[in-house]
Colleague: 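Before I ask anything, here is the structure I am working with.
Per chain, numbering begins at 1; letters A, B, ... match sequence-line order. Atoms considered below: every heavy atom in the structure, side chains included; atoms not considered: hydrogens, waters and symmetry mates.
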Amino acid sequence: MSYLDELNESQRVAVENIHGPTMVIAGAGSGKTRVLTYRIAHMMENKIDPFNIMALTFTNKAAKEMTQRIGEIVGDGEARNITMGTFHSVFSRILRYNADRLGYPSNFTIYDTQDSKSLLKEILKGFSLDDKAYKVSNVLGRISSAKNNLISPDDYSNNANIQSEDKMSKRPEMAKIYRAYAKRCFNAGAMDFDDLLYQTNVLLRDFPDVLAHYQQKFQYILVDEYQDTNYSQYLIVKKLAAVYENICVVGDDAQSIYSFRGANIQNILNFKKDYPDFKLFKLEQNYRSTKNIVQAANGVIARNKDQIKKTVWTDNVEGDKITVVRTLTDNEEGRVVINKIFDKSKNEGLGYKNFAILYRTNRQSRTFEETLRKLSIPYRIYGGLSFYQRKEIKDLLAYFRLTANPHDNEAIKRVINYPKRGIGATSMQKVLIAANEYGVSFWDVINDFQTYPVDINNGTINKMLDFATMIKSFAAQLDRLDANILAEEIAKTSGILKELRTDKDKGPEEVERYQNIEELISAIQTFVEGQIEGESKSLSEFMLDVALLTDAEEDNKIDPDHVTLMTIHSSKGLEFPHVYLVGLEENLFPSQLALNSRTELEEERRLFYVAITRAKDTCTLSYSNSRFQWGKLITCEASRFIDEVDDKFLSFETPERMGGRSLNNRGSSFDRSFTGGLNKSFTSKSLKPINSINSKSSIKGSSELEIKVGYNVEHDRFGKGKIIKLEGADADKKATIFFPNHGSKTVLLRFANLKILDF
DNA sequence: CCAGTACTTAGGTTG
DNA sequence: TAAGTACTGG
């Protein structure tokens, strides 16, 4: 049992204790994942059948890694028999298997957030509700929170507290909306993300035989990141574990950062109540970070009132102090941080994979991305728009979804007129209204206009019938063809491929869209080839989990030695030798939204704690005194979190600034070195050329070559032309240019990227 | 019905 | 700023 030797004393005890209720409180960097994986391996060494083990993680990535590591210890064949995955993926499979009990088709669609919002918009419109008072994201949040607390539409409307809350916040119709939303999801044979947990609860509550079956199957249950589970998840686990009580939860209350989606720190406290004889293990030795980092982080988190006492410590070296960098603008922050990474990498001979830039919000990635591209440093942005959320991919997937479940209204709305078939918004509205009046799906209506008459002209009716016929022809082949063959057939017959191929201006984005479609089909092919004997190779099989996939599976095409950019949230569980934590400004981090209550501020502080503790060797904090927000320059002050770190762990640094002129020169030399090593993982907005936004000429007086009326210039898109008029000043300076090939255009100099040919 | 344009308004993290 | 929506003229 050599693997036990790789553990310290407290880790080993936690691993060896495989029976009965167990809680492991694992400080940052204390080897939590190692304990979890070795514990499972240890269970299997002790003849526990992997079929009886369920391990629930918070992300797909964590599940994948854990399966792999367990496989290395016990062998892949055995490891794949463990039920392991996120709550959503594990229970979606169980729900599919038992869908008939709940009146859902087994191939129910999973609505992603976009689908949910689109459905809600439709509902709000149908009720003629003011979309200012009822903002879609708020409404969805309210419904989500109801489901996560297992409040049904009936409970919702009968609950006096909720009703008065909604009246107070001027949303008296929430109950009606919730009811309509649930009904329409059901009619469409669709579950949203929250339903996957909510309906699992319904299933286990209303069908004792089903509950008993899974209680027997999952005699050993492990839950990772327990501090981030919500009530709905808590109850599922509690029910399944009720017979054997072999339940092990692992977490760290100090790293609870998902209360916005219903995560309830109370679950950790409930554990003591539910299992009074539980065993508690604390992992307090940090193996990851330097003393400076560990102690600085401890000092910060100590300010939170709500927490379980523990002492995280480390034997590691003292290490460098945490560097704090202040810059004048967000663009400068980008340049300074990237330059630091560039220098450190060169000076110390470090690969770029040792560096991570962490930020509070996704949109902060932009300035860093620009500089990285200018310097041709390989990088990868995690999060943001995933492969499966791109428009062209979602369009094709919508056809797949319809083929598997034609009642999927959101899919039909998306593609019934894409590519263009002459079915307009008005006709669609009419069909939708009829469908909702009769309580059936869009599909039901267009397949039986006799029963569900709609006042639209015959031409349009025929177009809809043609569409239905096409979908039926796909569906007929669902079980006959392998997924990749049918997928290709659908891409062709639906007209999507043609649409993308004939896209007029073949810019890089159009080419990319076409390639993405090809890539999806090849991913499906990989899926087909990966299915073992006896497993279905059908398209519907492939579609089962697609809505739950979040990673763009493109790692193979990216230089593995890249700088990592991600939100702090998605960095949880990861570690990097050198971490740059950026945008440490009041109202950004902590977020302005979190300043109203102590609990919300404490969550931001935990987030800060998570961020610092990702760092192994060095941690750099940066903030800027100004930042562009919604096109306006706002001034910012340093985050209170910087003050909360004891000065003895900090070293303050202001970047060398050689005056406005050299800043400008620097900017333009970057522009020239822009090579655009384009890569699919980069968001499409990054594909635009980078202009002199960085240039301070608009603020500090121009040092760039002045453009004057009469000059001949060249424009990227319009070619050569002559300046005929100049107006505005500074950032708003515009030029009207006559282009022989395109007529006269007015352009913002800031964006036009003009090349001066002669005077 | 469609494509292009004017206007409005974003608060944030994820499966 | 940028994305999404509403409007307008073809």
Side-chain angles (χ1 to χ4, degrees), chain A residues 56-63 85-92 110-114 116-118 121 125 131-132 135-138 141 144 148 191-197 225 228-230 232-233 256-263 330 358-364 366-367 382-386 388-389 391 417-418 420-428 457 459-460 463 504 545-551 566-572 583 587-596 600 603-604 606-607 610-611 627-634 683-685 688 691 693 731 748 750-751:
Chain A
L56 299 168
T57 61
F58 228 67
T59 61
N60 293 309
K61 197 165 62 185
T86 61
F87 274 85
H88 291 89
S89 74
V90 166
F91 293 111
S92 73
I110 298 173
Y111 276 179
D112 66 14
T113 310
Q114 243 180 70
S116 299
K117 286 186 172 168
S118 148
K121 260 182 217 163
K125 210 171 178 183
D131 59 1
K132 293 211 171 61
K135 280 195 211 121
V136 172
S137 53
N138 289 340
S144 169
N148 286 332
M191 296 201 196
D192 66 14
F193 288 135
D194 302 310
D195 278 327
L196 296 176
L197 307 172
E225 308 285 12
D228 287 332
T229 53
N230 59 37
S232 182
Q233 292 166 319
S256 163
I257 54 174
Y258 283 98
S259 72
F260 70 89
R261 88 184 202 209
D330 47 352
L358 307 181
Y359 35 77
R360 181 60 181 66
T361 66
N362 273 308
R363 67 151 168 255
Q364 287 167 258
R366 214 190 105 238
T367 53
Y382 292 80
L385 204 59
S386 90
Y388 289 98
Q389 288 174 334
K391 184 193 174 302
N417 197 34
Y418 179 83
K420 298 263 179 310
R421 297 187 176 89
I423 300 170
T426 324
S427 313
M428 280 185 57
N457 67 51
T460 312
K463 287 170 191 162
K504 292 289 174 298
D545 286 336
V546 163
L548 301 173
L549 293 179
T550 45
D551 300 333
M566 56 170 59
T567 62
I568 302 166
H569 278 90
S570 39
S571 77
K572 197 173 66 161
N587 299 329
L588 179 58
F589 190 23
S591 156
Q592 197 172 3
L593 285 146
L595 301 179
N596 302 318
E600 283 180 291
E603 174 143 320
E604 294 284 305
R606 289 193 294 270
L607 196 54
V610 167
R627 185 172 289 281
F628 268 97
Q629 192 178 35
W630 302 329
K632 280 204 303 266
L633 194 68
I634 56 163
T683 56
S684 59
K685 55 185 165 204
K688 290 181 190 154
N691 306 297
I693 324 170
L748 272 176
R750 198 150 59 99
F751 298 118

Colleague: Could you state the interatomic distance from CD (A:Q629) to CD1 (A:I634), rounded to the nearest 0.5 Å?
Modeller: 4.0 Å
Colleague: To the nearest Å, how far apart are A:I634 CD1 and B:dG11 P?
Modeller: 15 Å
Colleague: So A:L595 and A:N587, do their side chains get closer than 4.5 Å, heavy atoms only?
Modeller: yes
Colleague: Please state how far atom CD in A:E225 lies from atom C1' in B:dT14, giving the value in whole angstrom units.
Modeller: 13 Å
Colleague: So, taking the atom named OG1 in A:T367 and the one named CG in A:D330, what distance separates them when rounded to the nearest 0.5 Å?
Modeller: 6.0 Å
Colleague: Does A:F87 reach a base, just sugar-phosphate, or nothing at all? Heavy atoms under 4.0 Å.
Modeller: nothing
Colleague: Atom CZ of A:R363 to atom P of B:dG11: distance rounded to whole Å?
Modeller: 8 Å
Colleague: Which nucleotide in the list B:dG12, B:dT13, B:dG15 gets nearest to the side chain of A:D194?
Modeller: B:dG15
Colleague: Is it the case that A:K572 places NZ or CZ above or below the six-membered ring of A:Y258, under 6.0 angstrom from the centre and within 45 degrees of the axis?
Modeller: no
Colleague: Determine whether A:Y388 and A:D112 make a side-chain contact, defined as any pair of heavy atoms from C-beta on separated by less than 4.5 Å.
Modeller: no
Colleague: Would A:W630 count as stacked on B:dA10 if the rule is ring centres under 5.5 Å and plane angle under 30°?
Modeller: yes
Colleague: Measure from CD on A:Q629 to C1' on B:dA10 and round the result to the nearest Å.
Modeller: 10 Å
Colleague: Side chain of A:R261 only, heavy atoms from C-beta on: which candidate in B:dA10, B:dG15, B:dG12 is closest?
Modeller: B:dG15
Colleague: Tell me: CG of A:N362 to C1' of C:dA2, nearest whole Å?
Modeller: 15 Å
Colleague: Considering every strand and a 4.0 Å limit on heavy-atom distances, what is the contact class for A:K135: base, sugar-phosphate, or nothing?
Modeller: sugar-phosphate
Colleague: Using side-chain heavy atoms (C-beta onward) and a distance below 4.5 Å, is A:T567 in contact with A:R360?
Modeller: no
Colleague: Any heavy-atom pair between the side chains of A:R627 and A:L588 that's under 4.5 Å?
Modeller: yes
Colleague: Tabulate atom names and distances for all N/O pairs under 3.5 angstrom spanning the protein and nucleotides 1-8 of chain B.
Modeller:
residue, atom, partner, partner atom, Å
B:dC1, OP1, A:G424, N, 2.9
B:dC1, OP1, A:S427, OG, 3.4
B:dC1, OP2, A:T426, OG1, 3.2

Colleague: Roughly how far apart, to the nearest Å, are C:dT5 and B:dG12 at atom C1'?
Modeller: 23 Å
Colleague: Report the distance from atom NE2 of A:H569 to atom C1' of B:dT13, rounded to the nearest whole Å.
Modeller: 4 Å
Colleague: To the nearest Å, how far apart are A:K117 NZ and B:dA10 P?
Modeller: 13 Å
Colleague: Heavy-atom distance under 4.5 Å between the side chains of A:H569 and A:L607, does that happen here?
Modeller: yes
Colleague: When you match A:E604 and A:T113 each to their closest nucleotide on DNA chain B, which lands nearer the 5' end?
Modeller: A:E604
Colleague: Can you tell me how far CG of A:D195 sits from OH of A:Y111, rounded to the nearest 0.5 angstrom?
Modeller: 11.0 Å
Colleague: Does the ring of A:F260 lie flat against the base of B:dT13, closer than 5.5 Å centre to centre with planes under 30°?
Modeller: yes
Colleague: For nucleotides 4-10 of chain C, tabulate all protein N/O to nucleotide N/O atom pairs closer than 3.5 Å, reporting atom names and distance.
Modeller:
residue, atom, partner, partner atom, Å
C:dT5, OP1, A:K121, NZ, 2.8

Colleague: Hey, which of these two, A:T86 or A:Q592, hits DNA chain B nearer its 5' end, going by closest nucleotide?
Modeller: A:Q592
Colleague: State, yes or no, whether a side-chain contact exists between A:Q233 and A:L56 at a heavy-atom distance under 4.5 Å.
Modeller: no
Colleague: Please state how far atom CD in A:E600 lies from atom P in B:dG11, giving the value in whole angstrom units.
Modeller: 16 Å
